[in-house]
Structure formats: C-alpha cells, structure tokens
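Written out below as structure tokens is the structure these notes cover.
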Amino acid sequence: MNAKKVLFINQEIAPYVSDSEMAHLGRHVPQVIQEKGYEIRTFMPKWGNINERRGQLHEVIRLSRMMLIIDETDHPLIIKVASIPSTRIQVYFIDNEDYFTKRLMAKDENGQEYDDNGERAIFFARGVLETVKKLRWTPDIIHCQGWMCSAIPLYIKTAYKDEPSFANTKVVTSLFSEKLTKNLGDDFKRSIEFRDVKSNLLDKYSADFGFTDLEKLAIDYSDGVVNVGGDINAELVKYATEKGLPILDSPKDEEIAESYEKFYDIIYGEGK
C-alpha cells in the first residue's frame, strides 16, 4: 500500500516569512502533494516576525496550553492555525512566548544567532509531535525541512516509537545550504532528554555539537534524504550516502509532485 498521509514539518513557509528557497518549498511541496490526492498536515514555528493579523492566525484552544518540560523548566505550548490564501492548505503554528513570540528566526535584530537555538528546536519538535497526537492523526511519512526540525527524526524513532500515531511512520529529511554558525553544545544535550532519549545518545558526535552534528543526527534517524540546491555540505551528502539511505536530488518545480511521490513510495516500501 502506498503512503497516503504526509506530515510536513517546515522551518519556513511562504507567505508567512520572507521568500527563500526553503519558504518556497515549504509551501509548494505540500500543495502539489495534496493535489496528488494525499492527506496532509503542515506545521511551522510561529516566528516573532510573522504578522498574525495579516496572516489571520488564531489560537486553537483545544490543542493549546500543554506544558512541555525542557531542561527542567515548564514551557507552555500554544497552537495557532491559519490557511494559506488561494490554497486548501491549513498551517499549524507552534508558539511560545519565550522561544518564538518575542524572537525573530535564527538571528536577532542585530544579526546574531540566538544562543538557545538548539533548545528552541527541541521545543518545536516536541510541540509538533504532541499536537499530532492530540489530532489523533497517523502520518505514513513525516517530511522535515530545515535545521529547526533536526531533532524530530530522533524523537520519532526513540521517545515516540510506541505511540500509535508514529509506530509505523517513515521519516524524510531535506538538507539545505542554510546553516548555523554557533555550536549548540551542552545546552542542546541537556535539553534533548525526554523519556528514553538521554544525552549520551549524542556521544558519537563532536563535543561542541555544531551544525554539521545536528544534521548528522537528523540523517541518522531518517529513512531518506532530499538534497536541496547545490551548496549543501558535501560531508553530509557523503554521510547519508555511506549509510545507504535513499537520496533524492531536488527536482525542478514542475517535476516535484511526481518525483516526491515516487520517493515517498520507495521510503514507505513501494516502488523498489
């Protein structure tokens, strides 16, 4: 049986943030896959630079107000939703006053990366997965786009592996040329602990745990990889290749629907 439910977890989606390759694909890929007949759900962070009034975001009370414990501190999870104009795509936004509402994206107003970007990514990952559980929805494929999603494959294959929503889910990670320059270090290692996920799972990576380690973590727990653009770190491409993962070189826009559908079927066990 082919995969028919795809959960898209995106770092950026147009038109909610400035246009970029990642934001364009964040909108375009779910749209063409939905038009192929798939049932989809789409998530992204509620970055502080998103205009809620213009985007017509509103809070989903029944999904909100759960407390997530990150590094022994409670953080309230707020879920907002909006529909992309002229499409049938509904976007769920993960929000929290400390991590997102009062912040921009990876960098602050002075162009400096936030010191707790790793912690923000962990809150985002767990927020998405807890919300999908509440929706009682069971995706066949989870497609992660952007460094903000890098902890999700790990959690799917460990802490959430016995959850009915994710027990049979396959994970695809898209690699982009965008990267972080600050190391994530001990902050990320402390914050990632949840259920059977312990910090020693990161011992195989470098001690300072930089961006390349973050992407290798995503690859290690993914079932397939998409290379987007020509400026991706060659070390990451080699790493994924040596693991024997199926790899898709990102096709042109007009070929995305067919190429991604075939790739999803390979990942899900069809088309081999």
Side-chain angles (χ1 to χ4, degrees), residues 6-36 40 42-51 55 82 84-87 89 91-94 100 103-107 111 113-114 117 120-121 124-125 128 141-153 171-182 211-212 214-216 218-219 222 224-241 245-264 267:
V6 183
L7 170 61
F8 291 98
I9 309 176
N10 301 294
Q11 182 174 311
E12 302 174 19
I13 300 175
Y16 300 108
V17 297
S18 298
D19 200 23
S20 66
E21 184 173 43
M22 191 183 295
H24 167 70
L25 289 175
R27 170 177 174 159
H28 184 59
V29 176
Q31 182 173 348
V32 298
I33 291 299
Q34 185 180 63
E35 290 169 355
K36 275 282 195 178
I40 70 163
T42 306
F43 282 78
M44 74 173 289
K46 212 299 289 180
W47 304 112
N49 55 327
I50 293 175
N51 188 312
I84 298 178
S86 72
T87 74
I89 297 175
V91 179
Y92 291 92
F93 295 84
I94 298 296
F100 297 113
R103 310 275 198 95
L104 300 181
M105 296 168 70
K107 299 177 181 179
E113 290 179 7
Y114 294 108
N117 272 334
R120 298 169 80 203
F124 176 64
V128 170
I141 299 283
I142 294 180
H143 192 154
C144 302
Q145 301 195 94
W147 63 263
M148 195 56 150
C149 310
S150 295
I152 289 168
V171 184
V172 173
T173 290
S174 284
L175 301 176
F176 291 81
S177 57
E178 184 218 26
K179 63 181 181 179
L180 300 174
T181 57
K182 279 189 177 180
F211 176 78
T212 299
L214 183 66
E215 295 293 82
K216 285 182 177 180
I219 292 169
S222 293
V225 170
V226 179
N227 293 334
V228 182
D231 299 323
I232 300 168
N233 185 336
E235 181 182 351
L236 293 176
V237 177
K238 181 182 178 184
Y239 189 78
T241 302
L245 293 178
I247 297 175
L248 173 67
D249 289 323
S250 190
K252 298 175 182 177
D253 274 4
E254 61 270 20
E255 299 170 347
I256 279 179
E258 197 130 334
S259 296
Y260 276 56
E261 183 175 38
K262 288 179 180 177
F263 192 64
Y264 291 157
I267 298 301

Legend entry - Worked verdict on K36 versus E261 for salt bridge (Lys or Arg N to Asp or Glu O under 4.0 Å): CA-CA 8 Å; K36 275 282 195 178; E261 183 175 38; 3.3 Å; yes
Exercise: identify the closest heavy-atom pair between [X] and [Y]:
{"X": "M148", "Y": "W47", "result": "CE-CH2, 3.6 Å"}
{"X": "M44", "Y": "F124", "result": "C-CE1, 3.4 Å"}
{"X": "Y114", "Y": "R120", "result": "CD1-NH1, 3.2 Å"}
{"X": "A23", "Y": "V17", "result": "CB-CG2, 4.0 Å"}

Within this structure, what is the [atom1]-[atom2] distance for the pair [X] and [Y], rounded to the nearest 0.5 Å?
{"X": "T212", "Y": "N233", "atom1": "OG1", "atom2": "CG", "result": "5.0 Å"}
{"X": "S150", "Y": "N117", "atom1": "OG", "atom2": "CG", "result": "11.5 Å"}
{"X": "I141", "Y": "I40", "atom1": "CD1", "atom2": "CD1", "result": "14.0 Å"}
{"X": "L104", "Y": "I50", "atom1": "CG", "atom2": "CD1", "result": "11.0 Å"}
{"X": "I13", "Y": "I89", "atom1": "CD1", "atom2": "CD1", "result": "8.0 Å"}
{"X": "C144", "Y": "L7", "atom1": "SG", "atom2": "CG", "result": "7.5 Å"}

Legend entry - With sequence neighbours excluded, residues passing side chain to side chain contact (heavy atoms under 4.5 Å, CB included) with L245: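 Applying side chain to side chain contact (heavy atoms under 4.5 Å, CB included) to L245 gives I219, V225, K243.
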Legend entry - Residues forming a side chain to side chain contact (heavy atoms under 4.5 Å, CB included) with T241, sequence neighbours excluded: V237, I247
Legend entry - Heavy atoms of other groups near K107 NZ, more than 12 under 6.0 Å: no
Inset, instruction - Would you please classify the geometry between the Y260 ring and the H143 ring as parallel, tilted or perpendicular, with 30° and 60° separating the classes? - result: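 Judged by the thresholds at 30° and 60°, the geometry between H143 and Y260 is parallel.
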Inset, instruction - Would you please classify the geometry between the Y92 ring and the F43 ring as parallel, tilted or perpendicular, with 30° and 60° separating the classes? - result: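 Because their plane-to-plane angle is under 30°, the rings of F43 and Y92 count as parallel.
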Between [Y] and [X], is there a side-chain heavy-atom distance shorter than 4.5 Å?
{"X": "H28", "Y": "I256", "value": "yes"}
{"X": "P45", "Y": "I94", "value": "no"}
{"X": "P15", "Y": "I84", "value": "yes"}
{"X": "L25", "Y": "S174", "value": "no"}
{"X": "I152", "Y": "V171", "value": "no"}

Legend entry - E235/K216 ion pair, N-O < 4.0 Å: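 Yes, charged N to carboxylate O under 4.0 Å.
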Inset, instruction - Would you please test S20 and E12 for side chain to side chain donor-acceptor pair (under 3.5 Å) and show each step? - result: CA-CA 8 Å; S20 66; E12 302 174 19; 2.7 Å; yes
Legend entry - salt bridge (charged side-chain N to carboxylate O under 4.0 Å, His left out) pairs, two or more places apart, involving residues 15-32: none
Legend entry - Audit row: D253, H24, side-chain contact (heavy atoms from CB on, under 4.5 Å) steps and yes/no: CA-CA 10 Å; D253 274 4; H24 167 70; 2.8 Å; yes
Inset, instruction - Answer yes or no: is there a donor N or O on one side and an acceptor on the other, between the side chain of W147 and the main chain of F176, under 3.5 Å? - result: no
Legend entry - Between Y16 and F93, ring centroids under 6.0 Å: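 Yes, the ring centres sit under 6.0 Å apart.
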